[in-house]
Amino acid sequence: MSFDHAQIYQKTFSLFYEEDDIERNFSYLQALPNKEVECSLKIKDDMVLAGLPFFFEAFNFISQTKIDYTEYCGFEGFNFSKSEGKEINFTLPFSVALSGERIALNLLQRASAIATNTQRYVEKAKGIKVLDTRKTTPGLRFLEKYAVKVGGGFNHRFAQTDAWMVKDNHKKIFGGVDKAINFFQEQHCYYQPIIVEIHDLDELKMAYEVGAKNFLLDNFSVSDIKKAIKIKENDMNYEVSGGITIENIAEYAINGVDAISSGSLTYNAPQVDLSLKFA
């Protein structure tokens, strides 16, 4: 089964092109030649290439003649080396290639940066699942969480209500971790998991006693994580989060930890270099 990404994200692509505002100059658009040109996507950094479906759909969105990019999807998630000087070649009408170039490249560069960054985290996590967060660029969550998966990571919540997350503000408003958990339990969502953000071992014990099973150990020291693992029951799930970076993730990859989440996967991904040339 194949999906028309432009159709799925019709509103999103419309906003992207509205932001670029090229339709305001109608005479310029009319004057652009429609002759077919050879396009070369040049890989100029070491990277995991991600986002090709969105890259090509950025052109298809404004083109009457749709490009079939099925053959290029084999490069999705592929590790490229800068030294190889790899290119991906295809043809487009010049007017389409020129008008869609920046939007297409922006999407591809953003996705590739996150996929590359995620792969580096995964390699240092020693087999423990690496999760993203909701710390994504507004309007690009669909792309950035997709890129995390291409890089070998896993998605946390996509939206607030995908899972109930008991956070500090809930505890303050409802009067403690037990009352906050009780509030979400009373929502009577049978398949809705509850995750409790935990800040010390006492909170962990209290949350477990009132029925919580999923725990986010927030800003725990390595020594406190090891203490938490000693009291872990078979039905408890530990996610470690808070201040996790590429420099220290290996320290938190401790046997007994089920997952490590980091907003740095998305908001701190180093940029990668790609360009598109026409002949």
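Keep in mind that what you see is a predicted model, and the values were worked out from it rather than measured. Numbers for residues simply follow the sequence, beginning at 1.
- The environment of Gln160 atom CD is sparse: at most 12 non-hydrogen atoms of other residues, nucleotides or ligands sit within 6.0 angstrom.
- The hydrophobic cluster containing Leu140 also contains Leu105, counting ILVMFWY residues as joined when their side-chain heavy atoms lie under 4.5 angstrom apart, directly or transitively.
- One N or O on the side chain of Gln185 and one on the backbone of Val210 form a donor-acceptor pair closer than 3.5 Å.
- Nearest heavy-atom pair across Gln271 and Asp45 is O-OD2, 4.3 Å.
- Of the possible donor and acceptor atoms, none in the side chain of Asn268 sits under 3.5 Å from a partner among the backbone N and O of Asn117.
- Asn106 and Arg110 share no side-chain donor-acceptor pair at under 3.5 Å.
- For the atom pair OH (Tyr69) and CZ (Phe59), the distance works out to 12.5 Å, reported to the nearest 0.5 Å.
- Just one of Lys213, Lys232, Lys129 meets the salt bridge (Lys or Arg N to Asp or Glu O under 4.0 Å) condition when paired with Asp258; it is Lys232.
- Formation of a donor-acceptor pair under 3.5 Å by the Asp218 side chain with backbone atoms of His199 is not found in this model.
- Side-chain heavy atoms closer than 4.5 Å link hydrophobic residues (I, L, V, M, F, W, Y) into clusters, and following such links, even through other members, never connects Ile246 to Val48.
- Applying the ring pair (Phe, Tyr, Trp, His ring centres under 6.0 Å) test between Trp164 and each of Phe183, Phe184, Tyr191 identifies Phe184 as the sole match.
- Of the possible donor and acceptor atoms, one in the side chain of Glu76 sits under 3.5 Å from a partner among the backbone N and O of Leu52.
- Ile194 and Phe158 sit in two unconnected hydrophobic clusters of ILVMFWY residues. Membership requires side-chain heavy atoms under 4.5 Å apart, directly or through other members.
- Taking CG of Leu108 as the start and CG of Leu276 as the end, the distance is 9.5 Å to the nearest 0.5 Å.
- Checked by atom type and distance alone, the side chain of Asn248 pairs as donor or acceptor with a backbone atom of Thr245 at under 3.5 Å.
- Grouping the Ile, Leu, Val, Met, Phe, Trp and Tyr side chains by contacts below 4.5 angstrom, directly or via other members, places Tyr146 with Met47.
- Taking CG of Asp46 as the reference point, atom CD of Glu84 lies at 8.5 Å (rounded to 0.5 Å).
- Taking CZ of Phe215 as the start and CD1 of Ile195 as the end, the distance is 11.0 Å to the nearest 0.5 Å.
- Of the possible donor and acceptor atoms, one in the side chain of Lys171 sits under 3.5 Å from a partner among the backbone N and O of Glu197.
- Note on Leu216 and Val222: separate hydrophobic clusters, where clusters join Ile, Leu, Val, Met, Phe, Trp and Tyr whose side-chain heavy atoms are under 4.5 Å apart, directly or indirectly.
- In summary, of the residues considered (Tyr17, Phe55, Phe56, Phe54), a ring pair (Phe, Tyr, Trp, His ring centres under 6.0 Å) with Phe61 occurs for Tyr17 alone.
- Val122 has its side chain out of reach of Phe154: every pair of non-hydrogen atoms, C-beta onward, lies at least 4.5 Å apart.
- Remark: Lys145 NZ to Asp132 CG distance equals 3.0 Å, nearest 0.5 Å.
- Distance check, rounded to the nearest 0.5 Å: SG of Cys39 to CD of Glu87 gives 11.5 Å.
- Across Gln119, Glu144, Lys149, a single residue satisfies side-chain contact (heavy atoms from CB on, under 4.5 Å) together with Ile114, and that is Glu144.
- For NZ of Lys66, the number of neighbouring non-hydrogen atoms (other residues, nucleotides, ligands) closer than 6.0 Å is greater than 12.
- At most 12 non-hydrogen atoms from other residues, nucleotides or ligands lie less than 6.0 angstrom from CG of Asn255.
- A donor-acceptor pair under 3.5 Å is formed between the side chain of Arg157 and the backbone N or O of Ala163.
- Of the possible polar contacts, one joining the Thr266 side chain to the Lys135 backbone as a donor-acceptor pair under 3.5 Å is found.
- Although no hydrogens or angles enter the test, the distance criterion places a donor-acceptor pair under 3.5 Å between the side chain of Tyr238 and the main chain of Ala228.
- Not a single donor-acceptor pair under 3.5 Å links the side chain of Thr133 to the backbone N or O of Ser262.
- Taking the six-membered ring for Trp and thresholds of 30 and 60 degrees, Phe174 and His170 have nearly parallel ring planes, at less than 30 degrees apart.
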